[in-house]
Participant: 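I'd like to ask you about the structure that follows.
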Amino acid sequence: MTKTRPEEIVSILREEISDYDTKVRRDETGTVLEVGDGIATVYGLDKAVYGELVELDTGVTGMVMNLSRDSVGVVLLGSEAGVKEGTVVRRTGRAADVPVGDALVGRVVDVLGRPIDGLGPIETTETRPIEHEASGVLSREPVTVPLQTGILAIDAMVPIGRGQRELIIGDRQTGKTAIAVDTILNQKGQDVICIYVAIGQKASTVARIQDTLKKHGAMDYSIIVSSTASESAPMQYIAPYAGAAMGEYFMGRGKDVLIVYDDLSKHAVAYRTLSLLLKRSPGREAYPGDVFYLHSRLLERACRLTKEYGGGSMTALPIIETQAGDVSAYIPTNVISITDGQIYLETDLFFAGQRPAVNVGLSVSRVGGAAQTRAIKKTAGTLRIDLARFRELEVFTQFASDLDPATQQALDHGRRLLELLKQPLYHPMPVSRQAIILYVATSGLVDDVPLDRVRQFVLDFADEMEAEHADVVEEIQSTGNLSGPAVETIRAALDDAKKRGSATWQA
């Protein structure tokens, strides 16, 4: 048996003393008084701050949402299994945050940034608080750069610009999500990061959207943030803020971001649930008094930054579901007043086969022509007026049997325009194709084509232009302008196509 020499003992003691940490560690802890429905009432966190992240002994995290005299209300961001009276809660001293970075692109994550797509862990080094003050007036730039949706009816009449907030509103099952997905698909090759935030959706719906984006190669530039209907109200509540934080990371680095909130009606319901469980006073329709602030602080984060502040942009497409077309309900009117315009989808139009079912009279973009390419602006100038005139004439003449030629011509022209605005799902159009279709439609060049054949004829003509006059199509696409020579080429090619088709129509 070997004995330890005194000098060895001294050296060990010296080493231990030199490495001894003299810092005092102090944790502020509290205990759970009661828990239920994802809400915990905690006693002892006297210095807790609103929005602060706390940790429970069970490993789950929570966020401080209520500050009372004797306790704080904590919403649990995870399972409440194992949380009971007496469970210890610790302050973290930091605001609730999510991981951000390029590693998130192409992934499906939950509201805390954790992967749920089975593709392994996500390696990120940065985080951002989910609640963040919106950019100030001096750091914002006017919205002038178009964000093409690829949907003819929207790009022509309700144009969206980068940095804009455009509401998509309508009843259930009228194609609201389809418009958002088409817009994401159309950003391929445009250097735009797309974020789809699913709030209270079925897990199968989110999986179907992921599959669609993957099939069309759109997941390469997209992030899906999912908080499904089966998740708790706190998780649904923070979902859009988490998505906005991820988008702000890219916006601050000069990139353009498109973020879809699907949908904010369910978000408001989740917040109402939280507020009632936290014993806050209910107001109109049982929503709390600050439900307007709930969405305004979220949507104000979408903007276009000046070069000094990064030069990026975040375009928001919030979705609101109406009941029986009632746009004057509480939450719809709130969000309409916050956004820069709305795309209103009508049930009657949808079931009549007019898809996308955009109601031209109630849809508006407050940015308008400032966010349109010159080719679309030039060709779509009379489209809205022509359709409005058609709608009025249609109502007044539905019982009339004898119409004068001018009225009959206006009605025929309007019907052809509506036919050409129909567009199949997941088939966004490039600017050049839109400009060609709009030009031949609004100029009345296809008014002599039979109504039942006009749509197929114009689509075939657009394909022919792309095949035989690729230089003209490329010029329109790259310059965003419809020049005189291009117009002449379109007219000459259209005359040839009509001559070839006239024999078929008459037969």
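Positions are given from 1 along the sequence.
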Participant: Using side-chain contact (heavy atoms from CB on, under 4.5 Å) as the criterion, point out the one residue from Val74, Val89, Val32 that pairs with Val83.
Facilitator: Val32

Participant: Determine whether a donor-acceptor pair (N or O, by modelled atom type, separation under 3.5 Å) exists between the side chain of Asp290 and the backbone of Tyr293.
Facilitator: no

Participant: Just verifying a value: how many Å separate Met219 CE and Ile224 CD1, rounded to the nearest 0.5 Å?
Facilitator: 4.5 Å

Participant: Atom CG of residue position Leu138 - does it have more than 12 heavy atoms of other residues, nucleotides or ligands inside 6.0 Å?
Facilitator: no

Participant: Between Asp57 and Arg90, does any side-chain N to carboxylate O distance fall below 4.0 Å?
Facilitator: yes

Participant: State, with a plain yes or no, whether a side-chain heavy atom of Pro159 is found less than 4.5 Å away from one of Val367.
Facilitator: no

Participant: Which pair of heavy atoms, one from Pro424 and one from Asp182, lies closest together, and at what distance?
Facilitator: O-OD2, 4.4 Å

Participant: Looking at Arg208 and Asp211, does any basic side-chain N land under 4.0 Å from a carboxylate oxygen?
Facilitator: no

Participant: Please check: side-chain N/O of Lys377 versus main-chain N/O of Ala371, any donor-acceptor pairing under 3.5 Å?
Facilitator: no

Participant: Look at Arg128 together with Glu248 and state whether they make a salt bridge at an N to O cut-off of under 4.0 Å.
Facilitator: yes

Participant: Can you name the nearest heavy-atom pair linking Pro332 to Thr322, along with the distance?
Facilitator: CG-CG2, 4.2 Å

Participant: Let's go through Thr228 and Ser226 carefully: what are the C-alpha distance in whole Å and the side-chain angles of both, what is the deciding distance for side-chain hydrogen bond (donor to acceptor under 3.5 Å, both in side chains) to 0.1 Å, and is it a yes or a no?
Facilitator: CA-CA 6 Å; Thr228 58; Ser226 173; 5.2 Å; no

Participant: Would you call Leu167 and Ile343 a side-chain contact if the rule is heavy atoms closer than 4.5 Å?
Facilitator: no

Participant: Strictly distance-based, threshold 3.5 Å: is any side-chain N or O of Glu80 a donor or acceptor partner for the main-chain N or O of Ile39?
Facilitator: no

Participant: Of the non-hydrogen atoms in Met246 and Ile223, which two are nearest, and what is the gap between them?
Facilitator: SD-CG2, 4.4 Å

Participant: Has Asp263 got a side-chain atom pairing as donor or acceptor with Ile320's backbone, closer than 3.5 angstrom?
Facilitator: no

Participant: Take atom NZ of Lys202 as the centre, draw a 6.0 Å sphere, and report whether it contains more than 12 heavy atoms from other residues, nucleotides or ligands.
Facilitator: no

Participant: My understanding is that only one of Thr144, Asp256, Thr315 makes a side-chain hydrogen bond (donor to acceptor under 3.5 Å, both in side chains) with Arg304; could you say which?
Facilitator: Thr144

Participant: Looking only at heavy atoms, which two atoms of Met251 and Val257 are closest? And how far apart?
Facilitator: N-CG2, 4.0 Å

Participant: Please check if atom CZ in Arg253 has more than 12 non-hydrogen atoms from other residues, nucleotides or ligands closer than 6.0 Å.
Facilitator: yes

Participant: With a 6.0 Å cut-off on ring centres, are His267 and Tyr241 close enough?
Facilitator: yes

Participant: Between Asn186 and Thr149, is a side-chain hydrogen bond (donor to acceptor under 3.5 Å, both in side chains) present by the stated rule, with each step listed?
Facilitator: CA-CA 6 Å; Asn186 198 51; Thr149 65; 5.9 Å; no

Participant: Can you tell me if Gln342 uses its side chain to pair, donor with acceptor, with the backbone of Leu362 under 3.5 Å?
Facilitator: yes

Participant: Would you say Ser71's side chain and Thr41's backbone share a donor-acceptor pair under 3.5 angstrom?
Facilitator: no

Participant: Going by an N to O cut-off under 4.0 Å, is there a salt bridge joining Arg272 and Glu285?
Facilitator: no

Participant: Count the heavy atoms of every other residue, nucleotide or ligand shown that sit under 6.0 Å from NZ of Lys266, and state whether that count exceeds 12.
Facilitator: yes

Participant: Just by modelled atom types, is the Ala156 backbone N or O under 3.5 Å from a matching donor or acceptor in the Gln372 side chain?
Facilitator: yes

Participant: If you take all heavy atoms of Ala239 and Val225, which pair is closest and at what distance?
Facilitator: O-CG1, 4.3 Å

Participant: Walk me through whether Val64 and Val54 qualify under side chain to side chain contact (heavy atoms under 4.5 Å, CB included).
Facilitator: CA-CA 7 Å; Val64 177; Val54 293; 3.9 Å; yes

Participant: Got Tyr237 and Met63 here, is their nearest side-chain heavy-atom distance under 4.5 Å?
Facilitator: yes

Participant: Is any side-chain N of the basic residue among Glu300 and Arg140 closer than 4.0 Å to the acidic one's carboxylate O?
Facilitator: yes

Participant: Near Phe350 CZ, under 6.0 Å, is it more than 12 heavy atoms from other residues, nucleotides or ligands?
Facilitator: yes

Participant: Are the side chains of Leu387 and Met157 in touch, meaning some heavy atoms are under 4.5 Å apart?
Facilitator: yes

Participant: Could you grab the distance from atom CG of Asp110 to atom CD1 of Ile116, nearest 0.5 Å is fine?
Facilitator: 6.0 Å

Participant: Quick one: does Met65's side chain get under 4.5 Å of Arg280's, heavy atoms only?
Facilitator: yes

Participant: Supply the atom-to-atom distance Ile338 CD1 to Leu294 CG, rounded to the nearest 0.5 angstrom.
Facilitator: 8.5 Å

Participant: Step by step, work out the side chain to side chain contact (heavy atoms under 4.5 Å, CB included) result for Glu55 and Thr61.
Facilitator: CA-CA 5 Å; Glu55 291 175 350; Thr61 56; 4.2 Å; yes

Participant: Tell me, do Thr373 and Gln148 make a side-chain contact under 4.5 Å, heavy atoms counted?
Facilitator: yes

Participant: Spell out, as yes or no, whether a donor-acceptor pair under 3.5 Å connects the side chain of Gln190 to the backbone of Gln187.
Facilitator: no

Participant: Roughly how far apart are Lys279 NZ and Leu276 CG, rounded to 0.5 Å?
Facilitator: 10.5 Å

Participant: If you apply the rule side chain to side chain contact (heavy atoms under 4.5 Å, CB included), what do you find for Asp340 with Ile160, and how did you get there?
Facilitator: CA-CA 9 Å; Asp340 308 312; Ile160 300 170; over 6 Å; no

Participant: I need the minimum non-hydrogen distance between Leu299 and Ala316, along with the two atoms involved.
Facilitator: CD2-CB, 4.2 Å

Participant: Give the C-alpha distance, both sets of side-chain angles, the deciding distance and a yes or no for side-chain hydrogen bond (donor to acceptor under 3.5 Å, both in side chains) between Asp70 and Ser68.
Facilitator: CA-CA 6 Å; Asp70 302 318; Ser68 303; over 6 Å; no

Participant: Does atom CZ of Arg284 have more than 12 heavy-atom neighbours, drawn from other residues, nucleotides or ligands, at distances under 6.0 Å?
Facilitator: yes

Participant: Do Ser139 side-chain atoms and Ser135 backbone N/O form a donor-acceptor pair below 3.5 Å?
Facilitator: no

Participant: Does the Gln423 side chain pair with the main chain of His427, one donor and one acceptor, at a distance under 3.5 Å?
Facilitator: yes

Participant: Any side-chain heavy-atom pair from Ser232 and Leu76 closer than 4.5 angstrom?
Facilitator: no

Participant: Roughly how far, to the nearest 0.5 Å, is OG of Ser337 from NE2 of His295?
Facilitator: 11.5 Å

Participant: Applying side-chain hydrogen bond (donor to acceptor under 3.5 Å, both in side chains), run through Thr273 and Gln236 and close with a yes or a no.
Facilitator: CA-CA 11 Å; Thr273 305; Gln236 292 182 42; over 6 Å; no

Participant: For the pair Leu258 and Tyr221, evaluate side chain to side chain contact (heavy atoms under 4.5 Å, CB included) and give the outcome as yes or no after the intermediate values.
Facilitator: CA-CA 10 Å; Leu258 169 68; Tyr221 53 85; over 6 Å; no

Participant: Out of curiosity, Phe250 CZ to Met314 CE, how far, rounded to the nearest 0.5 Å?
Facilitator: 11.5 Å

Participant: Count the heavy atoms of every other residue, nucleotide or ligand shown that sit under 6.0 Å from OH of Tyr309, and state whether that count exceeds 12.
Facilitator: no

Participant: Answer yes when Glu346 and Arg391 have at least one side-chain N-carboxylate O distance shorter than 4.0 Å, and no when they do not.
Facilitator: no

Participant: Under a 4.5 Å cut-off applied to non-hydrogen side-chain atoms, are Tyr287 and Val269 in contact?
Facilitator: yes

